[in-house]
Each structure stands twice: as structure tokens, then as C-alpha cells.
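In what follows, residues are counted from 1 in the order of the sequence shown. Heavy atoms only: backbone and side chains are in, while hydrogens, waters and symmetry mates are out.
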Amino acid sequence: MEEAEPLNEDVHLNEISLKNNEIKENSNVQDKENNDRESWGSRVEFLLAIIGFTVGIGSIWRFPILCARNGGGAFIIPFFFFMITCGGPLYYIEVCLGQFSGQSAGCAFEFCPLFRGIGFLMVLISFDILWYYVSIMGWVQYYFVQSFQSQLPWSTCNNWWNTDNCRETEFYATSLKNRTTAGNLTSPLHNISSFAIEISNKSMLSSPANEFWLYNVLRKSDSLEDMGTMQWHLVLSNFVAWVIVVASLIKGVKSLGKVVYVTATAPYILLTVLLIRGLTLDGAVDGILWYITPNFEKLASPQVWLQAAIQVFYSLGPTYGGAITMASHNKFHQKSLVETTICVVADAFTAFYAGLVVFTIIGFMAKEAGTSVEAAATATGPGLAFVAYPEAISRLPLPQLWAALFFFTLITVAFDSVFAFLETITGTLLDVFPKQLLPYKTFVLIGTALFLFLLGLPLSMSGGIYLFQLSDWYISAYALLFGSALESIMVCWVYGADRFAEDIALMTGRQVSKILRIFWCIIMTGMLTITCVVVILTYSTPNYGDSYVYQPYAIAIGILMSLIPFVPVVFVMLKEIRNAEGSLKQRVSTLLQPSSKWQPVDQQAREMYRSRPYRYEDTLSKRIRANILGNKDTPWF
């Protein structure tokens with residue numbers, strides 16, 4: 001017996017040694033892969049990149065229209081409330097996930113192997129949105145090019161695409177006076193052409209801007225069932241957009257870090273120029289006063305608060321994966337709370353600032369039409385960028401200059417979002433298959449862009465706008481919200497906000513405050529869950545304007561598209577359970593614990609992380625308290 005004990009001890013030590021060698025070998029492999037991962041040239045580059053990703057086209061014209069339909073300045077109150085209590089905290093979670101793991105969105109959820117598929121859900125959402133989002137870039141670029149003609153083509157009725165019903169004067173004023181309805185804005189880009197369609201139904205006449213959009217840009221068919229022919233001007237515009245995107249990302253974040261200096265700052269310069277010009281228009285002050293004057297009666301409507309919450313998450317873009325992917329290129333010990341806060345503030349400010357610009361134009365249009373600002377705002381609708389705004393710009397002195405500035409602003413805003421979407425997709429491919437694909441990063445980028453370009457060709461057909469509308473309604477409105485709720489529950493309650501806070505403390509050297517924990521665990525998670533329930537209860541089918549109603553088969557396709565991003569969540573879950581050992585309960589319990597791959601990307605921090613393993617509280621009540629309040633040394637602020 002005396003000889004057996006040292007033998008068993010030797011065997012035990014050998015097992016430990018082998019296990020440590022295996023961990024060390026895996027760490028060395030990961031270190032090599034992480035050493036190959038590029039970093040931002042500076043914190044400023046990262047800040048500009050996430051600002052560019054976050055501030056999208058929706059901030060330029062959708063937020064002002066939501067204000068118009070939900071009490072003017074009163075809508076700003078719930079918007080800022082949800083931005084502070086929900087949007088900002090969730091965005092910071094994603095930034096920390098990416099920075100801590102050094103992985104793109106698809107590989108950043110090893111802290112809970114059972115739901116590791118959430119990362120791939122984000123990638124698929126980015127893939128789906130990028131598939132049709134480039135169509136907007138194509139439209140904007142086409143308008144931008146047309147802005148350089150000696151006479152703006154959407155200002156006259158003597159063009160080949162115009163019908164006999166086209167009228168150059170009086171039409172818009174009549175349309176504004178007749179327009180009283182407001183559409184459903186569940187989707188961020190919902191009914192992008194509803195204004196153009198509805199005014200055509202209300203009158204035998206048609207404006208030049210309306211006909212340019214419908215019969216020149218889109219050259220649309222009558223329905224989804226009639227896809228028509230390929231519109232080669234849109235194919236060319238989309239191809240040019242992809243070429244610019246690939247060229248900007250061809251050298252990774254090093255090249256992107258230089259591009260964002262232009263694309264993230266140009267919109268603010270151009271918006272300021274447009275605001276100064278807009279303030280000189282007759283009626284501009286009336287528009288601004290209506291925009292900033294709150295109608296507090298609207299705050300009693302739950303729908304106003306719901307739309308504000310939805311707009312916050314669409315605007316910031318969590319669950320797109322872009323924030324995680326961008327942050328994965330940060331230096332490990334970077335204190336990113338400052339950048340995150342600036343980004344969230346910038347997004348909220350941009351929405352408000354764009355509203356000032358938009359309502360100077362809307363005030364001008366209302367003055368010309370002899371109607372109220374409210375009537376002009378609700379009549380404009382989401383078609384503002386492609387019908388009403390060009391209509392107004394065509395009446396300004398030097399219209400070509402203002403048209404070029406406006407559409408160039410939209411181009412710069414759109415490109416930053418596309419950069420993040422594409423980087424999320426390609427970054428995940430490289431992280432999942434590093435040995436096979438890292439040597440061919442350029443070909444992965446070009447191949448992914450080419451595949452998305454070819455896949456998006458149906459959107460360039462005459463019936464493409466109907467496909468666009470269907471995709472946007474279901475992919476953006478449902479997959480994004482449910483994905484955000486699932487992500488917040490996994491981080492805050494399965495992995496644990498307390499454990500995640502310790503990871504952040506190891507990374508940044510600062511404790512996460514009790515206030516932020518309360519936002520994470522209670523306010524943010526609760527609000528997201530409630531929003532998902534309300535969206536289900538208030539479900540409605542999409543339409544295109546007032547004239548076209550989608551058939552049941554199209555609705556089924558749309559629902560299927562919204563469910564596709566959740567396929568990897570279920571698939572990975574079943575695969576992990578199958579490969580695990582023990583009873584079903586034991587397997588699930590094990591898979592709810594972090595895998596061996598979940599560790600800091602920094603080698604020194606990784607050694608500290610292993611030397612001080614986290615211990616969960618032994619009772620549910622203690623664990624809840626730890627998640628929300630931390631320990632006695634956790635600061636309140």
C-alpha cells in the first residue's frame with residue numbers, strides 16, 4: 001500500500017501534466033492565430049469605425065418621420081430613454097465580447113456552448129441584410145450620378161419615362177393636402193416607396209420625382225409575381241458599390257481604418273451644409289419649431305414607446321455582429337467604455353441633427369403647399385429620400401449642387417454600415433477556418449462580395465422592389481429583436497452578469513458599476529423580452545403602398561426568411577448535446593458552462609484567468625444578487 005500511493009500520485013501528476021501541455025498547445029495555436037489578427041491603428045480609428053457602422057441611412061430620414069407621426073419632440077423622450085437604458089448597455093456588452101475574446105461575432109459565444117449558434121445567427125442576419133441593403137446603395141449612387149446633369153431629370157416631365165399624367169407644378173401641394181394616412185413602421189425601411197404609390201392612387205396626376213423613382217430608377221412591374229426584366233443600370237450601380245467596398249477592405253482593418261476618417265465624418269459636414277442652406281428657405285423655422293415642440297399627449301400611447309424602442313435597436317445595430325467584429329481588433333486592455341459611450345451619443349445626436357435638416361425642408365414644402373408642417377411630414381413618409389426630398393431639392397437655387405451633396409451624404413452613411421456587415425461575415429469565415437482561409441484573406445473577401453452581388457441580382461429586376469420590401473419587413477423586424485433578447489439573456493443570466501463583469505475588470509482594470517448591472521439584468525433584458533412579446537401580438541403582414549397586397553405564398557417566404565438566422569442556433573444546440581457525455585441533464589448543464597475556448601485573447605491575462613477560476617454562488621437567490629449588485633466592493637457608478 002505504501003508503494004501504491006506514490007504510483008497513483010505519479011499517474012495523477014502525469015495526467016495533469018498532459019492536460020496542461022494540451023491546454024498550452026491549444027493556447028499557442030490560438031496565440032499564433034491572434035497574432036495574425038490585425039489591430040486598429042489607433043483608438044480613433046475604432047471609434048470612427050463603430051460610429052460609421054452605427055449611424056445608418058435610417059437616421060437620416062426614418063427618425064424624423066417617426067417623430068412626425070408620434071408627437072414631434074415628444075418622440076425624442078422615449079427614444080433617448082431606451083437609448084440610455086437598453087441600447088447603450090447592450091452595445092457595450094457586444095464591444096466587450098469582441099475585445100475579450102478577440103473573435104468575430106460568429107466565434108464570440110464560447111462562454112455558452114449550448115447557444116454558441118447565436119454568433120452564427122448574427123452572421124446570417126448581417127448576410128441577409130447586406131444582401132438587400134446594397135440595393136439602397138445602388139439607388140443612391142444612381143441618383144448621385146444623375147445629379148450632375150444640366151437639368152435634374154426628376155424635375156421635368158419631358159423625359160422618355162414620363163407618362164401623360166405627369167405634371168411639373170401644383171401636384172405636390174395637392175398631394176400634401178390630400179394625404180392624411182400614416183403607415184405601419186414596424187420595419188426600419190418599411191414601405192420605402194409608399195408615398196410614391198399612394199399619391200398615384202389618389203390622383204390621376206403624377207409628379208416628375210414620383211415618375212423618375214418608379215419608372216426610371218426602379219422601372220417596377222405590377223407585382224412580385226411579375227419580376228420582369230433585369231435593369232442593367234441598377235446592376236451596374238450595385239457592382240460599382242461592391243467594388244468600392246472591396247477596395248476599402250482589401251487590406252483589412254488597416255485600410256478600413258483610413259477610409260472611416262472620411263466616411264464617418266463627411267456626413268456631419270454635409271448635414272451641416274444642408275442645414276445652413278435649409279435655414280435660409282421660407283418656412284424652415286416653422287418646420288424646426290414643430291419638430292422640437294413635444295405633443296405630450298402622444299406619450300400616453302404604448303405604440304409610441306414601442307416604436308421608440310424598436311428604432312433604438314435598429315439604429316444602433318446590435319445583433320448585426322458588427323460591433324463585436326470591430327471590437328475584436330482592439331488592443332486587449334483598451335478601456336472601450338468611452339468609445340462606446342461616444343458612439344451611442346453620436347447615434348442619438350445624429351438622429352436628432354438629421355431631423356433638424358429634414359424639417360427645414362419639410363417646413364419649406366409645407367409653406368409652398370399652403371398646408372401645415374404636420375400634414376407635410378406625414379405625407380412625406382419613408383419615401384422622403386427618393387421622392388419628396390428630390391422634389392424639394394429641384395426647387396432650390398443650384399439644385400444640382402444640393403442634390404449631389406445630399407446623395408453623397410447618404411452614400412457615405414450607407415458604406416460604413418456595409419463595411420461592418422461584410423467584415424462580420426468574412427471575419428467569421430477566417431476565425432472558423434483559420435488554417436484553410438487565412439492565407440487567402442483577399443480571395444475570401446472578393447469571393448464573398450461576388451457571391452452576394454450575384455445573389456442580389458433579382459433585386460435589380462423590375463419586381464425587385466417587392467422582394468426588397470418583403471425581405472426587409474421580416475428579416476429586420478423579427479430576427480433582430482428576438483436575437484437581441486436571446487443574446488442579453490445568455491450573457492446576463494446564463495453566463496452571468498457578475499462573471500462577465502469580472503472578465504471586463506480583468507480586461508480593463510475597472511469594475512462594472514451596479515447601475516450598469518441593473519440596466520443589463522433587469523431593464524435591458526426585460527424591455528427586450530416585452531418588446532418581442534408585443535411584436536408577436538401586434539403582428540401584421542407587409543404591403544407595398546396601398547395598392548399591392550402580398551399573396552400567402554409570399555408571406556410564407558417572408559416568415560421563412562426571418563426564421564433562417566435561427567437555424568444555426570438550433571443546429572449547434574442539437575450537435576453539442578449529441579457530442580456531449582452523460583445524461584441529458586448532465587449534458588445541458590455542462591454545455592451551459594464556458595468551453596475551454598472561452599478565454600482572454602491576451603496571453604498574460606489568460607494565465608491570470610486560469611489561476612482564478614470563477615465560482616458561481618451556491619443558491620439561486622445569491623446568484624441573482626451577485627449578477628445585479630456584485631459584491632460589497634462593486635461601485636454604484
Requested in this report: Would you check, one step at a time, whether the test side-chain contact (heavy atoms from CB on, under 4.5 Å) holds for Ile93 with Phe500?
Outcome: CA-CA 9 Å; Ile93 283 177; Phe500 189 59; 4.1 Å; yes

Query raised in the report: Passes salt bridge (charged side-chain N to carboxylate O under 4.0 Å, His left out), Arg517 versus Asp498? Steps please.
Result: CA-CA 8 Å; Arg517 289 167 178 259; Asp498 185 57; 3.1 Å; yes

Requested in this report: Take Leu422 and Val245 through the side-chain contact (heavy atoms from CB on, under 4.5 Å) test and state the conclusion after the steps.
Outcome: CA-CA 9 Å; Leu422 187 57; Val245 170; 3.6 Å; yes

Report task. Start with the C-alpha distance between Thr350 and Tyr268, add both sets of side-chain angles, then the distance that settles side-chain hydrogen bond (donor to acceptor under 3.5 Å, both in side chains), and finish with yes or no. Result -> CA-CA 8 Å; Thr350 304; Tyr268 297 100; 2.6 Å; yes

Requested in this report: Tell me, with the steps shown, if Val567 and Leu124 meet side-chain contact (heavy atoms from CB on, under 4.5 Å).
Outcome: CA-CA 10 Å; Val567 171; Leu124 281 182; 5.6 Å; no

Requested in this report: Starting from the C-alpha separation in whole Å, work towards a yes-or-no answer on side-chain contact (heavy atoms from CB on, under 4.5 Å) for Leu592 and Cys112.
Outcome: CA-CA 5 Å; Leu592 289 176; Cys112 182; 3.9 Å; yes

Requested in this report: Could you give me the CA-CA distance, side-chain angles and deciding distance for Tyr92 and Thr341, then say whether side-chain hydrogen bond (donor to acceptor under 3.5 Å, both in side chains) is met?
Outcome: CA-CA 8 Å; Tyr92 185 54; Thr341 303; over 6 Å; no

Requested in this report: Begin with the C-alpha distance, continue with both residues' side-chain angles, and end with the deciding distance and a verdict on side-chain hydrogen bond (donor to acceptor under 3.5 Å, both in side chains) for Asn627 and Tyr495.
Outcome: CA-CA 10 Å; Asn627 283 335; Tyr495 182 64; over 6 Å; no

Requested in this report: Apply side-chain hydrogen bond (donor to acceptor under 3.5 Å, both in side chains) to the pair Glu110 and Ser595, showing each step before the final yes or no.
Outcome: CA-CA 6 Å; Glu110 292 291 344; Ser595 73; 2.8 Å; yes

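In this structure the side chain of Leu430 reaches within 4.5 angstrom of the side chain of Lys441, judged on heavy atoms. A 4.5 Å side-chain heavy-atom check between Leu410 and Ile136 finds every atom pair outside the cut-off. Side-chain contact between Met561 and Asp128 is absent, with no heavy atoms from C-beta onward closer than 4.5 Å.
Phe468 has its ring centre no less than 6.0 Å from the ring centre of Trp473. You'll find the ring centres of Trp598 and Phe109 outside the 6.0 Å limit. Separation of the Phe406 and Phe408 ring centroids does not fall under the 6.0 Å cut-off.
What you find for Ala346 and Val55 is that their closest heavy atoms are O-CG2, 4.4 Å. Listed here is the closest heavy atom pair of Trp131 and Leu455: NE1-O, 2.9 Å. The two atoms that bring Ile76 and Cys67 nearest to each other are CG1-SG, 4.2 Å, heavy atoms only. Considering all non-hydrogen atoms of both residues, Cys521 and Ile628 come closest at CB-CG1, 4.0 Å. Residue Lys514 comes nearest to Asn631 through the heavy atom pair NZ-O, 3.6 Å, listed as atom of the first residue, atom of the second, then distance.
The main-chain N or O of Phe332 is never found under 3.5 Å from a side-chain atom of Asn330 such that the two would form a donor-acceptor pair. Judged by distance alone, the side chain of Glu45 and the main-chain N or O of Gly41 form a donor-acceptor pair under 3.5 Å. Put simply, the side chain of Trp40 gets close to the backbone of Met326: a donor and an acceptor are under 3.5 Å apart. A side-chain donor-acceptor contact under 3.5 Å links Glu94 to the backbone of Thr319. A distance-only check finds no donor-acceptor pair linking the side chain of Thr54 to the backbone of Ile51 [under 3.5 Å]. In this structure, Trp305 contributes its side chain and Leu299 its backbone to a donor-acceptor pair below 3.5 Å. A donor-acceptor pair under 3.5 Å is absent between the side-chain atoms of Thr525 and the main chain of Ile522, judged by distance alone.
Around atom OH of Tyr616, more than 12 heavy atoms belonging to other residues, nucleotides or ligands sit under 6.0 Å away. No more than 12 heavy atoms of other residues, nucleotides or ligands shown are found within 6.0 angstrom of CZ on Phe571.
When each of Thr426, Thr428, Thr424, Thr325 is tested with Ser104 by the rule side chain to side chain donor-acceptor pair (under 3.5 Å), just one qualifies, namely Thr428. The residue from Phe63, Tyr353, Tyr291 that alone fulfils the ring pair (Phe, Tyr, Trp, His ring centres under 6.0 Å) condition with Phe359 is Tyr291. Between Lys335 and the choices Gln99, Arg510, Met507, the side chain to side chain contact (heavy atoms under 4.5 Å, CB included) rule is met once, by Arg510.
Remark: the Asp347 side chain and the Ser315 side chain contain an N/O donor-acceptor pair separated by less than 3.5 Å. When only modelled atom types and interatomic distance are considered, Thr634 and Gln511 share no side-chain donor-acceptor pair under 3.5 Å.
In this pair, Phe421 and Tyr320 present their aromatic rings perpendicular. The plane angle is above 60°, beyond the 30 to 60° band.
Rounded to the nearest 0.5 angstrom, Leu506 CG and His333 NE2 are separated by 7.5 Å. Rounded to the nearest 0.5 angstrom, Leu516 CG and Ile523 CD1 are separated by 10.5 Å. Note that CD1 of Ile50 and SG of Cys343 are 4.0 Å apart. Values are rounded to the nearest 0.5 Å.
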